[in-house]
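Since the structure is predicted, the reported quantities are computational estimates derived from the model, not experimental observations. The first residue in the sequence is number 1, and the count goes up from there.
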Amino acid sequence: NFPEEDFVAVSFEHLEYDIGGVRTVVKAIGRGKPVLVLHGGSAAETRWMDALRAAGIPFAASPVGQVPDAASAPAQCWHFGALGLAPGGPADYARRLDALLADIRVLAAAREGRPTTLLLLAPRPGGPDAPPTPAFAYLDAACAVVPHEYGNLEVKVLQVDPETVASPGALQAAAQSGGGRTLALRGGRLWRRAFAPLPAGSAENGSARLRRGGAYLITGGLGGVGLTLAGHLARACGARLALVARSAPDAAQREAIRAMEAAGAQVRTAALDVADAGALRAFVDDLEAHWGTLDGVIHAAGVPGGSLMARTTLDEIERILRAKVAGTEALAAALAGRMPAFVLLCSSLTAALGGPGQVAYAAANAWMDAFAAAQSASRPGVWTSVQWDSWAEAGMAARAAMGVKPVSAARTLLKEWRMTPASCWAWGEHRIGGVATLPGTAYLELFAQALGAVPCELGQVVLTEPMVQEGDAVRWVQV
């Protein structure tokens, strides 16, 4: 059970802006330091740039992927690249995030630490009240994560109808607005995203959907979160549970399943790739053949992120997106024509709040959030995406924060430390966005301590994942 005030709903609220005053500011900025517009050359982007020229607003245009060097990089960058894009599929989503990260890396380096505003234009036909397009959710994810890694970049997302060219002054108003990171243009007005508590009683309404002896499918069902939710359903309603995971259950997972069965549940497991649409559909068909109607679905499958933007590759993006993006699409296809009482997508607060090394993971969860919202436009209340915080005793974050990974027979454990940011000064005093982040030189010092008097030479060291920590929870570090 969670406090009711911890749940929030998203809406947009109006911000006032003065077009005439903004245009004066833009022209002042434009003297010698124009706004940089990155574009993909589409007809929609060209219309927006023509409107800027007609309004007398100076800017420098450059193709996406060709950010100018340090000598000419401006203090403001408006990224039009998504305006001419069709929605596309999971592969397109991954490539577009990868391309955007390339522009962000170059822009951050070109500005050499100087303050820079990056305004990302996100297609939203019909305005902020229209169903979102999941294909552009990577822009929101980048907006959330960039400030954690590039302190000089202020990033905002502006939702626009790509077919309706807005007043040029509205773009500068959005870039200079202090009213939030996610903004929208609608009816000649500028809006910002806001959060508000859900109405009282929402938790009780959700519990009322559970059916005694109901049939429930849980993807990622053998993970910490999946097993926790499955255990709740077993105890709450003696459910029939189908737990899907990438592999068969191990000894600890089998013990958890026995506990569910002791509570009155029936449990069935399946080892399959949730992103394999054919395999998932065949399994759902078989479930219905044996159990009848599927009463609810929980999508808890996922792969954690970890690389900083400077080292995030397309391969890593595709790996992290697979379960949450392709997996959700496969799940929706398998459920076509079926009427479960609910489909719960397990998202993460990372999608909204970001975090160092989390851009691919944030993009995966932001896509799920937008997909659930789009599905709810046609079937209100069925599809829900929950941005979970870190779970204290389950899930990927808990394993990373508390778990000690077993050392395989092919490796030798030299030394391990029980650490907190308070006990390790190099960790506690080095913070990015207020979050303790172990610097690279500290890793080398840990290697040296583990080796002791053994002489060694370290070369071409690549650090792929940052060790970050909020608060003073204990971490075990092994070399």
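No donor-acceptor distance shorter than 3.5 angstrom exists from the side chain of E318 to the backbone of D315, with no hydrogens or angles considered. With hydrogens and angles disregarded, no donor-acceptor distance shorter than 3.5 Å links the side chain of Q159 to the backbone of R124. With H148 contributing its side chain and L353 its backbone, the two residues share a donor-acceptor pair below 3.5 Å. The backbone N or O of R114 sits less than 3.5 Å from a side-chain atom of T116, completing a donor-acceptor pair. Within the 3.5 Å criterion, the main-chain N or O of L344 finds no donor-acceptor partner in the side chain of T384. Looking only at distances, no side-chain donor or acceptor of R193 sits under 3.5 Å from a matching main-chain atom of T182. Side-chain N or O atoms of R181 include none that pairs as donor or acceptor with a backbone N or O of A144 at under 3.5 Å. The main-chain N or O of C346 is found under 3.5 Å from a side-chain atom of K324 such that the two form a donor-acceptor pair. Panel note: side chain T219, backbone A300; a donor-acceptor pair is recorded below 3.5 Å.
Scanning all heavy atoms of the two residues, the minimum distance from V343 to P340 falls at CG2-CG, 3.9 Å. D161 and W48 get closest at one heavy-atom pair: O-CZ2, 3.8 Å. Taking each heavy atom of D98 and L314 in turn, the nearest pair found is OD1-N, 3.8 Å. What you find for G41 and H39 is that their closest heavy atoms are N-ND1, 3.2 Å. Between A351 and N365 the shortest heavy-atom distance is CB-CB, 3.8 Å. Between A363 and L97 the shortest heavy-atom distance is CB-CD2, 3.6 Å.
Using the six-membered ring where Trp is involved, F342 and Y216 have ring planes that are parallel, under 30° apart on the 30 and 60° scheme.
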### Message
Assess the residue pair V106 and Q66 against the criterion (side-chain contact (heavy atoms from CB on, under 4.5 Å)); give the C-alpha distance rounded to whole Å, side-chain angles, the decisive distance to 0.1 Å, and a yes or no.
### Response
CA-CA 9 Å; V106 176; Q66 298 182 30; over 6 Å; no

### Task
Check the pair V284 / V297 against side-chain contact (heavy atoms from CB on, under 4.5 Å), numbers first and verdict last.
CA-CA 11 Å; V284 172; V297 178; over 6 Å; no

### Task
Could you give me the CA-CA distance, side-chain angles and deciding distance for L280 and V274, then say whether side-chain contact (heavy atoms from CB on, under 4.5 Å) is met?
CA-CA 6 Å; L280 185 60; V274 71; 4.1 Å; yes

### Message
Quick one, W383 with L335, criterion side-chain contact (heavy atoms from CB on, under 4.5 Å). Give me CA distance, side-chain angles, the key distance, then yes/no.
### Response
CA-CA 11 Å; W383 287 77; L335 295 176; 4.3 Å; yes

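Rounding to the nearest 0.5 Å gives a distance of 10.0 Å between CG of L243 and CD1 of I298. Note that CG of N152 and OG1 of T117 are 10.0 Å apart. Values are rounded to the nearest 0.5 Å. Atom-to-atom distance recorded for L121:CG and K156:NZ is 13.5 Å, nearest 0.5 angstrom. To the nearest 0.5 Å, atoms CG (L272) and CZ (R246) are separated by 11.5 Å. Rounding to the nearest 0.5 Å gives a distance of 5.0 Å between CD1 of I104 and CE of M309. Of the inter-residue distances, the one linking L345 atom CG with F371 atom CZ reads 8.0 Å to the nearest 0.5 angstrom.
Residues I317 and L101 have side chains in contact (heavy-atom distance under 4.5 Å, counting atoms from C-beta outward). Counting only heavy atoms from C-beta outward, the side chains of Q375 and V382 never approach each other to under 4.5 Å. Put simply, the side chain of W78 reaches to within 4.5 Å of the side chain of L52, judged on heavy atoms. Using a 4.5 Å cut-off on side-chain heavy atoms (C-beta onward), I57 and V35 make no contact. Within the 4.5 Å cutoff, the side chain of L83 has heavy atoms near those of the V160 side chain. The side-chain heavy atoms of V244 and F283, taken from C-beta on, include a pair separated by under 4.5 Å.
Screening L36, V155, L38 for a side-chain contact (heavy atoms from CB on, under 4.5 Å) with L118, the sole residue that qualifies is V155.
Side-chain contact of D369 with Q387: a donor-acceptor pair under 3.5 Å is present, judged by distance alone. Side-chain contact, T313 with E316: no donor N or O sits under 3.5 Å from an acceptor N or O.
Annotation: ring pair (Phe, Tyr, Trp, His ring centres under 6.0 Å) contacts of F136 (sequence neighbours excluded): none.
Here R95 pairs with D92 in a salt bridge; the nearest charged N to carboxylate O distance falls below 4.0 Å.
For residues 271-280, the set of pairs meeting the salt bridge (Lys or Arg N to Asp or Glu O under 4.0 Å) definition, not counting sequence neighbours, comprises D273-R322. For residues 325-348, the salt bridge (Lys or Arg N to Asp or Glu O under 4.0 Å) pairs, not counting sequence neighbours, are D285-R338, E288-R338.
Heavy-atom neighbours of R105 CZ from other residues, nucleotides or ligands within 6.0 Å: above the threshold of 12.
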